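Written below as structure tokens is the structure these notes are about.
A quick note: this is a predicted structure, and the numbers were derived from the prediction, not measured. By convention in this document, chain letters (A, B, ...) are assigned in the order of the sequence lines, proteins followed by strands, and residues within each chain are numbered from 1.
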Number of protein chains: 2
Amino acid sequence: MTKNTRRDEIVRTAAILFKKKGYSAVTMRDIADSLDIKASSLYNHIQSKQELLEILVISLAEEFINGMNKIMNLPISASEKLRLAIDFHIDITIHNNEALAALNNDWMHLEEKLPYFLKMRNDYEQNFRTIIETGMTSGEFVKRDVEIVLFSLLSTLRNLYLWYARKGRVSEDTLKNNMADTLLKSIFST
Amino acid sequence: MTKNTRRDEIVRTAAILFKKKGYSAVTMRDIADSLDIKASSLYNHIQSKQELLEILVISLAEEFINGMNKIMNLPISASEKLRLAIDFHIDITIHNNEALAALNNDWMHLEEKLPYFLKMRNDYEQNFRTIIETGMTSGEFVKRDVEIVLFSLLSTLRNLYLWYARKGRVSEDTLKNNMADTLLKSIFST
DNA sequence: GTCTATATAGTGATAGAC
DNA sequence: GTCTATCACTATATAGAC
């Protein structure tokens, strides 16, 4: 993933700038300036600005989908799946902070790959919904409006990339434990 | 607020487009096209694209601050304040859906008014923090990491504009009751 | 209040020298 | 792998006619 080539340097720089100002407000000259080269030099390593967005958003979305699919196929309870899914989401947030900003905020600027992205996004959400519904049916979770619980959970997870960048130095494990506890407490039936 | 002048029509149109693509990706031509006029005609009603952003973001932020200040000054318990604050946030979300998207996602493109906005945003967050801390001290809320509870609560409220636009036809009262219940359950000590 | 015409400054991207 | 030079296009915004 992080193979210190020039190309990856460009991708990482783009991610940082996309996070700060958004895809549309970042110019190829901005990216080049950050690397102390000229904008035209970027094109020796990447094909287009759009490609930078695709690299960031699509590969991260695939990582989400693959990890989630593994969790869904485990022979464990709904509450155990939920705990794993939350931890997994926190993991990605911590290790792909900048790319996650692009995924959250700039996906609508994807062109060719937009439908593919939307399918992955929808599948990811559906997996969470299934976990919550299963847990409510089995009595592990308190019965409440599924969509509201789902929305509240996903909102918190999706915004985590901002909060983690700000609070910085809380350890990964502390974050996972506290966050998971807080989120899970709101739905456990006991 | 909604005084059907041409100017307000332009502001409303801009808000809808800003929500869809973000401030930077929306051109004055896009706004003009939506109104079936030429881009140059817009400048008879507004001064600049930046002014459109300011009108949307700053006036809404002021509404948030004013409402929150009133709640903070009421002689009521922390849990009552929290319930009112959540309801108030939901109120604004429902009635200013598009402008709220700009406030959430495009505030960093403010220029002159950016410091003013950041102060308001910080004050709003601090008020929520005070409520949570007071409630934990008094024993109304279960003692947990204040910042994580605060973050989770604000994430859900800030994302609500997206969810409400999608789910559409759930009544305002149903939403308030279900959402407030779900959010509050996670922190009440009983 | 809207139009046409235009000024001025970017924008993403390419060609070709070094 | 980076540069200079440049293209074709688009951006915000203004001036002045109707």
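Atom-to-atom distance recorded for A/Asn177:CG and B/Asp145:CG is 11.5 Å, nearest 0.5 angstrom.
A salt bridge is defined here as a Lys NZ or Arg NE, NH1 or NH2 lying under 4.0 Å from an Asp or Glu carboxylate O, and A/Glu54 with A/Lys49 fails to meet this definition. At a threshold of 4.0 Å, the pair A/Arg83-A/Glu80 does not count as salt-bridged, since none of the basic side-chain nitrogens sits closer than that to a carboxylate oxygen. The pair A/Asp33-A/Arg29 does not count as a salt bridge, with every side-chain nitrogen at least 4.0 angstrom from each carboxylate oxygen. Taking a cutoff of 4.0 Å between a charged side-chain nitrogen and a carboxylate oxygen, A/Arg7 and A/Glu51 qualify as a salt bridge. With respect to the salt-bridge test (charged N to carboxylate O, under 4.0 angstrom), the residues A/Glu133 and A/Arg129 do not qualify.
When hydrophobic clusters are built by joining Ile, Leu, Val, Met, Phe, Trp and Tyr residues whose side-chain heavy atoms come closer than 4.5 Å, directly or via intermediates, B/Ile16 is not grouped with B/Phe18.
Following rounding to the nearest Å, B/Glu51 (CD) and D/dT12 (P) show an atom-to-atom distance of 15 Å. Here D/dT10 presents its C1' atom at 12 Å from NZ of B/Lys49, a figure rounded to the nearest Å. Note: CZ (B/Arg7) to P (C/dT2) measures 14 Å, nearest angstrom. If you measure from atom CD1 of A/Ile31 to atom P of C/dA13, you get 10 Å, rounded to the nearest angstrom. Rounded to whole Å, the distance from CG on A/Leu53 to P on C/dG12 is 13 Å.
Residues that satisfy the side-chain hydrogen bond (donor to acceptor under 3.5 Å, both in side chains) test with A/Lys21, not counting sequence neighbours, are A/Asp30. The side-chain hydrogen bond (donor to acceptor under 3.5 Å, both in side chains) test applied to A/Tyr43 returns no partner, not counting sequence neighbours.
Evaluated for a side-chain contact (heavy atoms from CB on, under 4.5 Å) with B/Leu52, the options B/Leu17, B/Val57, B/Ile31 yield exactly one hit, B/Ile31.
Contacts of residues 102-115 of chain B with DNA chain C (heavy atom under 4.0 Å): none. Near-neighbour residues of DNA chain D inside residues 13-29 of chain A, defined by a heavy atom below 4.0 Å, are absent. Within residues 35-48 of chain A, the residues approached by DNA chain D to less than 4.0 Å at the level of any non-hydrogen atom are A/Ile37, A/Lys38, A/Ser40, A/Ser41, A/Asn44, A/His45, in residue-number order.
For the ring pair (Phe, Tyr, Trp, His ring centres under 6.0 Å) condition, the pairs that include at least one residue of residues 58-83 of chain A, sequence neighbours left out, are A/Phe64-A/His89, A/Phe64-A/Tyr124.
A/Arg6 has a side-chain polar atom (N or O) that falls below the 4.0 Å cut-off from OP1 or OP2 of D/dT2.
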